[in-house]
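Remember, predicted model here, so these are calculated numbers, not experimental data.
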Amino acid sequence: MAGNMVTTTPGAQTGLDGFASYDPTRRIVNVVFGDEAGTNTVNLTGLGALGSSVRVTLLSTPSSGRFTAVTAPTTVSTTTRTVSGGQLSVSVPNMSATSAYQLVVEPVSGVPAYQQRYEAENASVFRAQRLTASSASGGGYVGRIDNSGTPRTDSYVDFVVNVPAARAYTMTIGYANGTGATATQGLAYNGGAWGTVSYPPTAGWGQFGATVSTTVTLRAGYNVIRLAKGSPYFSGGTGYAELDYIQLT
């Protein structure tokens with residue numbers, strides 16, 4: 001899941017509960033739920049940005065015990081549904097209380113195979129803060145990426161990207177650096193080796209327009225790109241930088 005977490009409200013007098021996110025960059029809604037048996041209904045609101053017709057994919061993952069991994073979720077159904085007033089109700093039959101379920105809702109045209117720009121504020125943000133600025137792409141950015149030392153205390157931003165082919169891509173990073181000196185962050189993708197990105201100083205904090213570029217070699221489909229202040233696996237970032245977006249070409 002990527003994007004922004006959204007509010008979920010459990011049904012009264014049932015065990016059904018879950019969590020959900022909306023990623024406006026890829027125009028996709030994810031809902032994960034479970035802890036109830038029988039036929040249940042998931043009501044979604046605020047879907048206007050997806051259009052009047054959406055593809056709804058229902059997946060399930062059975063319980064296999066604490067120490068046994070499940071290879072992949074099972075696709076239960078894929079249907080095309082009409083959104084009315086931004087709302088949609090999805091009936092989920094034959095649920096098992098020990099299984100997990102996922103709804104993926106996207107425009108009928110599907111998630112674009114290749115989105116060039118990924119906003120930092122829609123990425124997964126750890127021990128940093130989403131902020132707003134009029135000069136930022138999309139009006140938002142991630143700042144206070146300040147902590148380094150251990151995996152539990154590091155500040156980092158994970159971008160989930162989807163590319164059409166396995167190859168080297170130029171990754172352009174929009175940023176701000178008000179320290180007055182060059183700052184650095186660690187860069188890694190798909191759990192690979194760490195590299196370093198350098199950010200020359202800019203006009204000030206929250207003032208965007210500057211970019212730096214580097215090369216990343218990605219696999220076809222989904223990849224996770226991490227920019228971090230520090231890590232025990234690389235020498236650590238110097239100074240500080242705020243992230244506006246990344247763009248792949």
Side-chain angles (χ1 to χ4, degrees), residues 1-11 14 16-34 36 39-61 72-95 99-125 130-132 136-142 157-165 174 218 220-225 243-249:
M1 300 173 74
N4 303 314
M5 303 304 293
V6 296
T7 301
T8 57
T9 305
T14 73
L16 189 68
D17 202 356
F19 53 93
S21 73
Y22 173 57
D23 183 349
T25 300
R26 295 183 295 147
R27 297 176 66 203
I28 187 170
V29 174
N30 270 286
V31 186
V32 177
F33 57 99
E36 186 61 279
T39 298
N40 294 276
T41 299
V42 177
N43 298 310
L44 301 102
T45 61
L47 301 180
L50 275 62
S52 60
S53 186
V54 295
R55 180 180 295 108
V56 179
T57 303
L58 172 64
L59 305 100
S60 69
T61 303
T74 299
T75 300
V76 178
S77 63
T78 300
T79 58
T80 299
R81 300 287 303 276
T82 299
V83 175
S84 178
Q87 301 184 29
L88 178 66
S89 293
V90 180
S91 178
V92 185
N94 305 316
M95 287 180 59
S99 294
Y101 296 85
Q102 180 183 13
L103 280 176
V104 181
V105 184
E106 57 189 339
V108 290
S109 56
V111 178
Y114 181 32
Q115 282 280 357
Q116 284 192 324
R117 180 168 294 197
Y118 296 84
E119 300 290 344
E121 66 271 21
N122 294 330
S124 297
V125 177
R130 293 179 176 89
L131 301 165
T132 59
S137 172
Y141 68 98
V142 175
V157 180
D158 280 351
F159 294 86
V160 178
V161 304
N162 185 16
V163 295
L218 305 177
Y222 289 102
N223 298 259
V224 179
I225 298 174
L243 298 177
D244 188 6
Y245 64 87
I246 64 172
Q247 184 164 306
L248 299 172
T249 54

| query | Does the side chain of Leu103 reach to within under 4.5 Å of the side chain of Val56, using non-hydrogen atoms? | reply | yes

| Can you check whether Asp17 reaches Phe33 side chain to side chain, under 4.5 Å on heavy atoms? | no

| message | I'd like to check Leu50 versus Tyr22 (side-chain heavy atoms, cut-off strictly below 4.5 Å). Are they in contact? | response | yes

| query | Which pair of heavy atoms, one from Pro164 and one from Ala220, lies closest together, and at what distance? | reply | O-CB, 4.2 Å

| Over all atoms of both residues, closest heavy-atom pair of Val125 and Ala120 | CG2-O, 4.0 Å

| note | Heavy atoms of Glu119 and Tyr245 approach each other most closely as OE1-CB, 3.9 Å

| field | Check against side chain to side chain contact (heavy atoms under 4.5 Å, CB included), Leu88 and Val54 | value | CA-CA 10 Å; Leu88 178 66; Val54 295; 4.0 Å; yes

| said: Do Gln116 and Thr249 make a side-chain contact, defined as non-hydrogen atoms from C-beta onward lying under 4.5 Å apart? | reply: yes

| said: Is it the case that the side chain of Ser137 and the backbone of Asp244 share a donor-acceptor pair, with hydrogens and angles ignored and the cut-off at 3.5 Å? | reply: no

| remark: CG of Asn40 to CE of Met95, rounded to nearest 0.5 Å, is 5.0 Å

| task | Can you spot which of Val104, Leu59, Leu58 makes a side chain to side chain contact (heavy atoms under 4.5 Å, CB included) with Thr75? | result | Leu59

| query | Within a strict 4.5 Å, meaning less than it, do heavy atoms of the Thr61 and Thr74 side chains meet? | reply | no

| Are any non-hydrogen side-chain atoms of Val161 and Ile246 less than 4.5 angstrom apart? | yes

| Could you state the interatomic distance from CG (Asn162) to OH (Tyr222), rounded to the nearest 0.5 Å? | 4.5 Å

| request: List for me each residue that meets salt bridge (Lys or Arg N to Asp or Glu O under 4.0 Å) alongside Asp158, sequence neighbours excluded, and say none if there are none. | output: Arg226

| message | Using a 3.5 Å distance criterion without hydrogens, assess whether the side chain of Arg130 forms a donor-acceptor pair with backbone atoms of Glu121. | response | yes

| Just how far is it from atom OH of Tyr101 to atom CG of Leu16, taken to the nearest 0.5 Å? | 10.5 Å

| task | Please report the C-alpha distance between Val31 and Leu44 in whole Å, then the side-chain angles of each, then the deciding distance to 0.1 Å, and finally whether the side chain to side chain contact (heavy atoms under 4.5 Å, CB included) criterion is met. | result | CA-CA 9 Å; Val31 186; Leu44 301 102; 3.8 Å; yes

| How close do Val157 and Ala123 get, heavy atom to heavy atom, and via which atoms? | CG1-CB, 3.6 Å

| message | Looking at Ser89, is its backbone amide N or carbonyl O close enough to the side chain of Asn43 to form a donor-acceptor pair, meaning the two atoms are under 3.5 Å apart? | response | no

| field | Closest non-hydrogen atom pair, Arg27 against Pro107 | value | O-CD, 3.1 Å

| field | Close side-chain approach of Asn4 and Ser21, heavy atoms under 4.5 Å | value | no

| query | Is a side-chain donor-acceptor pair under 3.5 Å present for Arg81 with Ser53? | reply | no

| message | Run Gln102 and Asn30 through side-chain hydrogen bond (donor to acceptor under 3.5 Å, both in side chains) and show every step you take. | response | CA-CA 7 Å; Gln102 180 183 13; Asn30 270 286; 2.5 Å; yes

| Under 4.5 Å between any side-chain heavy atoms of Leu248 and Val163, yes or no? | yes

| note | When every non-hydrogen atom of Tyr118 is compared with those of Phe159, the smallest separation belongs to O-CE2, 3.6 Å

| task | Find the distance between CG (Asn223) and CG (Leu218) and round it off to the nearest 0.5 Å. | result | 4.5 Å

